[in-house]
Structure formats: structure tokens, C-alpha cells
Amino acid sequence: LGLEETFQWKLRGFSGPDALLDLWRRKDLPGFALPEGQDVKTSIDSELQKAAVAALQGKKGAVAFIEPDTGEVLAVASMPSGGTTGFDRATQGSYPPGSTFKVVTAAALLRENKEITKSLGHSITGLSWKVDNKRYGRARINDDEEGGGTRSVNLTEAIAHSSNVYFALAGIAIGPEGFQSVLTEFGFSKVPSREKLAPGLAESGFGQGAILASPLEMAVASGVIAA
């Protein structure tokens, strides 16, 4: 829905179809005057919005910009545009958030007092975890970054290097309840059940498990961290 349709009654100056009918009945009365519509002010930055739309031309995707200090939406764009379906990828799409979700996992780690400092390489094998007496595992998790050897990695370094290995361990440490709690606190609209989270805790730590989000939700989550 566009802004004009969403706020049409405020812009027109009356509350809805019933009020319009009442106005029509009184139109010939002495002193009758149509009510004045109210202004609607948005936070959209027109130049930024134009740049977002231009960047997506010929592509399939979405862009969302917010002001971290206030949470105001500065630009939202989705391509292909919603057209007759009205589907907006930026606000209605549900996608694996990938590495952008690592900051949310980090927040959950800190909230649960489960920050990890561990000697790690760029891959880890034989991961195993247990939820409700059921055991799950992954044969191997790799970082995008390559290289041999191990080094001591803490949360700050894991974020700086976007370590999948570290955040896989973080996802296991947080557990289903930890993810559900942080997703709720950050305002995500879709919070997976314990049963859906349990088999993919490692992947959820770096945004590739059961957790799905819209681009706008991830922009808001990142804004919360930045603010």
C-alpha cells in the first residue's frame, strides 16, 4: 500500500466513507464548508530514495536505509516493484539474513553472558549439540576467509573477520531460547519455534539457519546496534 492510500482519510480531512456520506447530506446547508485535509510528513530522503531505486534498476533485490539515532526510515526500494501484487521485498520479504545477522547473535551472546574466546582456525569439524535429549551435528563449518593455523578469537575479532566458525559456536551456546528471546527484543516478525531452531543452531549463528528476516528488519536491527 502506498502512503497516499494508507493516509487517504487524513489527507482528505474526514475519517472514512461514513463521514463522506454525512458531508454530502449537509452540503447544501448554510455555512457548509468541506473540512481541510491534514499534512502528512514522511522521513523519506528523496535523493537517497532516488539513488536506491536507480541502484536496483534491472536487478532483483531490495534496499532499506534508516537513521540509527531515531529509527526513521530514510529510503525503501524493492525491485521488481510490487505492481499489481503489492509485494514489497524490502518490508514483506523473508530471507536468510546471512552475515548481517552476526551482530544480533553477538547481542544474544552478551545478553546471555556467554561470550566466547577460543583458539580457532578457518574451519571446524565434528560440531555436536543436544536439545531436548536429541543430538544434532555438522561435519564441517568453514569461514569464507582461507588460511591455515589457529589463533585466539574473541567476539570483537569474530565480528571484524566475520567468522562463520566462531558464530556457529555462538549459535550453539545461545540455544533456541536465546535466539527466540533476542529476536523478540529486536522486533523481528518471525520467531521460529524451538523445534525449527534446534537442528540448525550452528547455521543460525551466522544467519543461514531457520531465522528469516526482511531487509527493513535487518536495517532496524543494525541501527539498534549502531545507536
Side-chain angles (χ1 to χ4, degrees), residues 61-66 68 93-131 134-227:
V63 172
F65 290 95
I66 69 163
S94 294
Y95 311 103
S99 288
T100 61
F101 190 75
K102 288 172 180 173
V103 292
V104 181
T105 301
L109 266 186
L110 295 173
R111 180 182 180 278
E112 301 281 327
N113 292 315
K114 292 181 178 177
E115 186 177 350
I116 301 167
T117 299
K118 192 175 178 69
S119 181
L120 296 171
H122 289 299
S123 67
I124 192 168
T125 58
L127 280 178
S128 178
W129 62 95
K130 195 174 182 181
V131 178
K134 189 171 182 179
R135 188 160 292 282
Y136 305 93
R138 290 295 178 272
R140 189 181 190 94
I141 297 287
N142 295 315
D143 284 341
D144 294 330
E145 185 178 343
E146 297 180 356
T150 61
R151 77 282 191 206
S152 181
V153 180
N154 59 24
L155 180 57
T156 301
E157 291 165 335
I159 293 173
H161 294 282
S162 192
S163 171
N164 291 344
V165 171
Y166 183 96
F167 283 100
L169 295 172
I172 294 168
I174 292 164
E177 292 85 357
F179 276 120
Q180 289 175 326
S181 179
V182 77
L183 287 168
T184 300
E185 288 186 356
F186 273 77
F188 286 88
S189 61
K190 294 179 175 64
V191 179
S193 67
R194 179 183 178 85
E195 292 73 24
K196 287 186 177 180
L197 284 165
L201 286 177
E203 290 89 348
S204 290
F206 52 88
Q208 294 293 342
I211 295 166
L212 301 175
S214 72
L216 182 58
E217 284 177 323
M218 283 312 306
V220 171
S222 301
V224 170
I225 302 294

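Keep in mind that the numbers below use all heavy atoms, side chains included, and drop hydrogens, waters and symmetry copies.
Proximity of I124 to L169: side-chain heavy atoms (C-beta onward) are separated by under 4.5 Å at one or more points. Taking 4.5 Å as the limit, some side-chain heavy atom of I141 sits within range of a side-chain heavy atom of F206. When side chains are defined from C-beta on, L197 does not count as touching V131, because their heavy atoms never get closer than 4.5 Å. Side-chain contact check for F101 versus M218: some heavy-atom pair is nearer than 4.5 Å. Between I116 and V153, every side-chain heavy-atom pair lies at or beyond the 4.5 Å cut-off. Residues P192 and L183 form a side-chain contact, since some pair of their non-hydrogen atoms from C-beta on lies under 4.5 Å apart. Taking the side chain as every heavy atom from C-beta outward, Y136 and I172 never approach each other to under 4.5 Å. The shortest side-chain heavy-atom distance between E217 and Y95 does not fall under the 4.5 Å cut-off.
Nearest heavy-atom pair across T105 and G205 is OG1-O, 2.9 Å. Annotation for P97 and L212: closest pair CD-CA, 4.5 Å, computed over non-hydrogen atoms. In plain terms, the two heavy atoms of I66 and G223 that are nearest each other are CD1-CA, 3.9 Å. Heavy-atom minimum distance, A108 versus G178: CB-O, 4.5 Å. Nearest heavy-atom pair across G137 and W129 is CA-CZ3, 3.9 Å. Considering every non-hydrogen atom in both S128 and R135, the closest pair reads OG-NH1, 2.8 Å.
Once rounded to the nearest 0.5 Å, the distance linking CD1 of I174 with OG of S181 reads 10.5 Å. With rounding to the nearest 0.5 Å, the separation of CZ in R140 from CG in L127 is 11.0 Å. Taking NZ of K196 as the start and CD1 of I211 as the end, the distance is 12.5 Å to the nearest 0.5 Å. In this structure, the separation between OG on S204 and CZ on F167 is 13.5 Å, given to the nearest 0.5 Å. Atom NZ of K114 and atom CG of L109 lie 9.0 Å apart (nearest 0.5 Å). Going from atom OH of Y166 over to atom CG of L155 covers 4.5 Å, rounded to the nearest 0.5 Å.
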Practice item. Carefully, step by step, assess L110 and E115 under the rule side chain to side chain contact (heavy atoms under 4.5 Å, CB included). Key: CA-CA 6 Å; L110 295 173; E115 186 177 350; 3.6 Å; yes
Check your understanding: Run the side chain to side chain contact (heavy atoms under 4.5 Å, CB included) check on V103 and F186 step by step: do they pass?
Key -> CA-CA 11 Å; V103 292; F186 273 77; over 6 Å; no
* Let me see the working for F188 and V182 under side chain to side chain contact (heavy atoms under 4.5 Å, CB included), right down to the final yes or no. => CA-CA 9 Å; F188 286 88; V182 77; over 6 Å; no
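Salt bridge status for E157 with R151: absent, with no side-chain N to carboxylate O gap under 4.0 Å.
The backbone N or O of N164 lies less than 3.5 Å from a partner atom in the side chain of D143, making a donor-acceptor pair.
With sequence neighbours left out, the side-chain contact (heavy atoms from CB on, under 4.5 Å) criterion links E195 to S193.
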